[in-house]
Structures are given as C-alpha cells and as structure tokens.
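One structure is given here, and the rest of the page talks about it.
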Amino acid sequence: MPSEPVISSPSRDQLVAIADQFAHQGNITRLQSFGSGNINDTFLVVLDDANQTHLVLQRINTRVFQQPHLIMQNMRTFTRHVADRLQQTPPDRRWEVPQVVLTQTGQDYWQDGDGQFWRAISFIAGTESFDTMHNPEQAREVGYALGMFHNLISDLPPDHLADTLEGFHITPRYLQQYEAVAAKTTVDQCPELSYCQQFVHDRKSLAVVLELAKEQGKLPLRLMHGDPKVNNVMFDIETGKAASVVDLDTVKPGLIHYDIGDCLRSSCNPAGEETEQWETVHFEPELCRSILQGYLSVAQEFLTENDYAYLFDAIRLITFELGLRFLTDHLAGNVYFKVKHTHHNLARALVQFRLTESIEAQETTIRHLIRDLR
Ligand code: GN1
Ligand code: MG
C-alpha cells in the first residue's frame with residue numbers, strides 16, 4: 001500500500017465550507033462525526049430546512065479506494081436501477097435508497113485543495129442503526145433488508161458495475177498478504193498474538209472454499225453489497241422496521257455469500273465487534289435463524305441448491321477472513337483500518353476468531369437450522 005502523509009481532521013469551518021460545495025437546502029446548523037466506519041470519515045450535516053433536515057458528508061479514504069470516481073459511478077448506476085425497480089413494483093412497505101447529492105456544479109464528488117475526495121449522500125430521514133441486535137424481530141428485519149437489497153439488484157447484470165476494490169473478500173489473497181506481512185513484521189510478540197497466529201495456521205485450508213466454488217461454477221458471480229454489517233441497516237424509528245441499507249462503496253460484482261456471511265457474523269455477535277471482552281464473544285444461533293427467515297422471505301426465489309449448500313461455509317469463512325484482515329493490519333502497523341490504540345486491530349482480530357470458534361462449535365446446530373428453513 002503506498003504511504004501517504006497523515007491526513008488531519010478538518011476544522012468545523014472547513015467542514016461547513018466543504019458541505020456548502022454540495023447542493024442542499026437551508027443553512028447548516030450543526031456538523032458532527034457520524035457512525036463508526038473503519039475506513040472513510042463520515043459527518044452528519046444538520047440543516048434548518050423542513051424538507052431536507054440532514055446530509056451525510058464523507059471523505060473517501062483513497063488509500064483504500066484508489067479509484068473513488070468508480071465508486072460514485074457505481075452508486076449512480078445502482079441507485080438509478082433500484083429507483084426504476086421501486087417505481088415499477090412499489091414495495092408494500094417503506095424502502096429507500098440513499099441518493100448521491102451533487103455539487104453546486106453538478107459533479108458527484110468534490111476535491112479540496114489537498115486533493116482530498118469528498119462526496120455527499122442523502123440521509124434516510126427518521127431512521128437509526130444499531131451495533132448489535134436486541135431481539136428476534138430486529139434480526140428478522142436485518143435479514144429482510146439484505147434480501148430486499150439482493151432482490152432489487154438481482155436483475156442488474158454484474159458487469160454493469162466496476163470493481164471498486166480489487167481482491168475484496170477474496171480470502172486466499174488475504175491469506176497471502178498475511179503471510180507476506182507476518183514474514184517481515186516487527187511488532188512485539190504477546191500471548192494474544194500467538195493465539196491468533198496459531199488460529200490462522202490451523203485454518204489455512206479453509207480459505208479457498210468460496211473461491212473454489214466460484215471457479216467450479218457452483219456459485220455464480222452476482223452483485224453484492226460487500227459490507228452489509230448490522231449497523232449498515234437503517235431502521236425506521238417509529239415502526240422499528242428496516243427501511244434501507246446504506247454504505248454503498250463496495251457494491252460490485254462478487255458472491256452473495258460474502259454478504260450473507262458478513263450480515264450474520266456481525267448480527268449474531270451480541271457483544272459487538274468492538275468489545276474488549278473477547279473471551280465472552282459467541283455466535284447466537286437463534287438470531288441467525290431469525291435473520292435467515294427474514295432473508296429468505298425475500299430471497300428464496302433466486303437461491304439455488306448450491307447457494308444453500310455453502311451458507312454455513314460462508315458464515316465461518318467471512319468471520320475468519322475479517323479476523324485475518326484485522327490481524328494482518330496489526331502486523332502491518334495499522335495502515336488500513338482506523339484505530340484508537342496500537343493494539344486495536346489485534347483486539348478486533350481476537351473477537352472475530354473467538355466468534356469463528358463459536359460458529360465451528362455450533363456447526364451441526366447451524367447446518368440444521370439452515371436445512372429446516374429451506
Ligand atoms: C470496514 O469502514 P466500514 O466500517 O464501513 C471494511 C469492511 C469490514 C468492516 C468491519 C472497505 O467497513 O470490509 O467488514 O470495516 N470495509 C472495507 O467493521 O474494507
Ligand atoms: Mg463499509
């Protein structure tokens with residue numbers, strides 16, 4: 001990864017000036033950091049206009065997304081397609097898609113004097129998101145949301161969207177990167193690190209499972225969200241129902257199994273992925289059941305026999321993969337994910353590995369519940 005100068009946080013005045021580059025109504029009354037993204041910097045812009053109360057302003061991390069204009073191009077293709085679909089067949093409940101907000105001159109992004117890349121997205125009014133699921137109804141809604149997302153893009157040909165992040169979710173590649181970084185790392189050894197290294201060593205052979213199924217034609221290339229973790233589902237505050245899936249940076253060709261796995265690994269971990277108590281982390285099969293019920297209520301019609309056959313592998317693999325990515329970044333000196341302290345990525349890796357162990361220990365239960373839902 002190319003090294004870049006450390007990017008400072010903009011002042012409030014600078015942020016207001018940047019937000020004003022984008023077409024919006026009313027005046028900006030407040031600006032605050034928003035969400036808990038690990039890559040981009042996100043701000044919520046509060047406006048004093050009844051028709052447009054908020055705007056989401058983001059600085060794209062171009063060390064990760066090296067062709068940000070492709071993200072915007074994909075977003076526009078995706079949102080246009082989904083808007084058409086929703087118009088043709090209006091759903092029987094609230095469902096919205098975040099819209100790209102153009103600049104005053106009609107561009108879909110704005111570059112500041114330092115070359116930093118900014119964009120604005122509409123805020124789904126009256127919604128909130130959660131880092132963990134509180135009950136089976138919410139979990140069912142998360143599943144419904146992912147199903148709805150997949151359903152709405154199921155007829156958009158994968159080659160209509162660009163690959164915005166090459167190698168994303170290709171687990172064997174992450175394993176190669178890990179091995180390359182581990183060979184020359186200088187971070188201090190500690191018992192937690194040794195546990196993680198042993199953990200990866202013992203599961204190297206797992207890494208190929210989904211990519212092999214793709215090569216063998218068992219799992220087709222489709223469009224995926226790429227990052228449908230639990231807090232990317234927006235819930236209507238009044239009804240408590242899912243109303244949108246946000247964070248569209250990684251909508252691109254891939255396997256829907258990456259999405260299903262990511263949705264389940266993030267939603268079925270009641271301790272959340274940022275917990276410091278990694279020993280307490282476990283995978284909750286009842287939440288998994290509710291999520292899959294919600295998902296299948298929308299997605300059943302486009303899933304094949306093989307799609308079901310690889311669901312368990314997907315849950316285990318994506319959890320393992322995220323742990324591997326965090327671990328690699330710890331060894332590399334925290335160059336990819338934002339961190340609050342030096343051992344943050346190691347702590348995150350421990351959480352995902354513990355979750356993987358819990359998934360493995362409950363393999364029979366999880367496989368049975370998948371079978372019973374068919
Ligand atoms: C990153 O930035 P954020 O939080 O939306 C990462 C995902 C991980 C996630 C873990 C482009 O997403 O793959 O699953 O952190 N996004 C990218 O929280 O690498
Ligand atoms: Mg994301």
Side-chain angles (χ1 to χ4, degrees), residues 1 7 33-44 56 58-68 70-72 74-75 78 98 117 119 121 129-132 142 145-146 149 161-171 173-174 177-178 210 224-234 244-255 257-269 271-275 278 281 314-330 332 334-340 344-353 355-356:
M1 203 154 290
I7 296 157
S33 279
F34 187 55
S36 48
N38 292 325
I39 311 284
N40 296 328
D41 296 322
T42 307
F43 304 90
L44 187 67
V56 178
Q58 287 187 303
R59 173 165 63 182
I60 306 284
N61 180 336
T62 47
R63 207 162 54 170
V64 171
F65 295 108
Q66 292 178 15
Q67 292 179 287
L70 287 184
I71 295 180
M72 302 316 293
N74 277 2
M75 255 186 171
F78 164 85
F117 192 104
R119 58 113 186 267
I121 315 241
S129 67
F130 304 102
D131 290 330
T132 53
V142 165
L146 184 62
F149 185 91
L161 295 191
D163 191 345
T164 48
L165 197 54
E166 214 205 313
F168 190 53
H169 288 317
I170 312 286
T171 319
R173 282 227 212 171
Y174 291 120
Q177 283 167 7
Y178 163 76
L210 291 184
M224 60 167 186
H225 180 281
D227 188 16
K229 57 177 171 180
V230 59
N231 55 17
N232 279 333
V233 175
M234 304 307 293
S244 186
V245 179
V246 298
D247 188 359
L248 306 174
D249 293 335
T250 46
V251 179
K252 68 185 198 91
L255 297 176
H257 284 68
Y258 301 151
D259 279 356
I260 302 170
D262 198 59
C263 182
L264 290 167
R265 68 131 199 102
S266 60
S267 310
C268 303
N269 164 14
E273 67 184 59
E274 289 292 326
T275 179
W278 61 276
V281 169
I315 304 167
R316 175 174 48 180
L317 186 72
I318 293 303
T319 312
F320 171 66
E321 179 195 278
L322 185 58
L324 179 65
R325 293 172 63 201
F326 285 142
L327 179 62
T328 305
D329 203 31
H330 171 70
N334 306 317
V335 292
Y336 186 98
F337 297 104
K338 287 192 226 168
V339 287
K340 297 203 171 89
H344 198 164
N345 276 317
L346 180 61
R348 288 166 169 157
L350 287 163
V351 171
Q352 297 304 316
F353 289 155
L355 193 60
T356 310

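Every number for a ligand or one of its atoms is a count from 1 in the order of the listing.
- Take the Mg ion (ligand 2) and draw a sphere of radius 2.8 Å; the protein N/O/S atoms inside it number 2.
- Looking at R348 and E274, a side-chain N of the basic residue comes within less than 4.0 Å of a carboxylate O on the acidic one, giving a salt bridge.
- Between K338 and D41, at least one side-chain nitrogen of the basic residue sits less than 4.0 Å from a carboxylate oxygen of the acidic one, meeting the salt-bridge criterion.
- With hydrogens and angles left out, the side-chain atoms of D131 and N231 include a donor and acceptor closer than 3.5 Å.
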Worked check of side chain to side chain contact (heavy atoms under 4.5 Å, CB included) between R119 and M75: CA-CA 11 Å; R119 58 113 186 267; M75 255 186 171; 3.9 Å; yes

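- In summary, the side chains of N40 and N61 do not present any donor paired with an acceptor at a separation below 3.5 Å, with no hydrogens or angles considered.
- In plain terms, the two heavy atoms of K252 and L165 that are nearest each other are NZ-O, 3.1 Å.
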Short N or O separations between ligand 1 and the protein, below 3.5 Å:
{"residue": "ligand 1", "atom": "2 (O)", "partner": "N38", "partner atom": "N", "Å": "2.9"}
{"residue": "ligand 1", "atom": "2 (O)", "partner": "I39", "partner atom": "N", "Å": "3.1"}
{"residue": "ligand 1", "atom": "4 (O)", "partner": "N38", "partner atom": "N", "Å": "3.0"}
{"residue": "ligand 1", "atom": "4 (O)", "partner": "K229", "partner atom": "NZ", "Å": "2.6"}
{"residue": "ligand 1", "atom": "5 (O)", "partner": "D227", "partner atom": "OD2", "Å": "2.8"}
{"residue": "ligand 1", "atom": "5 (O)", "partner": "D247", "partner atom": "OD2", "Å": "3.0"}
{"residue": "ligand 1", "atom": "12 (O)", "partner": "D227", "partner atom": "OD2", "Å": "3.2"}
{"residue": "ligand 1", "atom": "13 (O)", "partner": "R325", "partner atom": "NH1", "Å": "2.9"}
{"residue": "ligand 1", "atom": "13 (O)", "partner": "R325", "partner atom": "NH2", "Å": "3.3"}
{"residue": "ligand 1", "atom": "15 (O)", "partner": "N38", "partner atom": "ND2", "Å": "3.1"}
{"residue": "ligand 1", "atom": "18 (O)", "partner": "N38", "partner atom": "ND2", "Å": "2.9"}
{"residue": "ligand 1", "atom": "18 (O)", "partner": "K229", "partner atom": "NZ", "Å": "2.7"}
{"residue": "ligand 1", "atom": "18 (O)", "partner": "E273", "partner atom": "OE2", "Å": "2.3"}
{"residue": "ligand 1", "atom": "19 (O)", "partner": "R325", "partner atom": "NH2", "Å": "2.7"}
{"residue": "ligand 1", "atom": "19 (O)", "partner": "Y336", "partner atom": "OH", "Å": "2.5"}

From CA spacing to verdict: side chain to side chain contact (heavy atoms under 4.5 Å, CB included), I60, Q66: CA-CA 9 Å; I60 306 284; Q66 292 178 15; over 6 Å; no

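- Checking Q177 against T328 by side-chain atom types alone, no donor-acceptor pair falls below 3.5 Å.
- Side chains of Q352 and T319: a donor-acceptor N/O pair is absent below 3.5 angstrom, by distance only.
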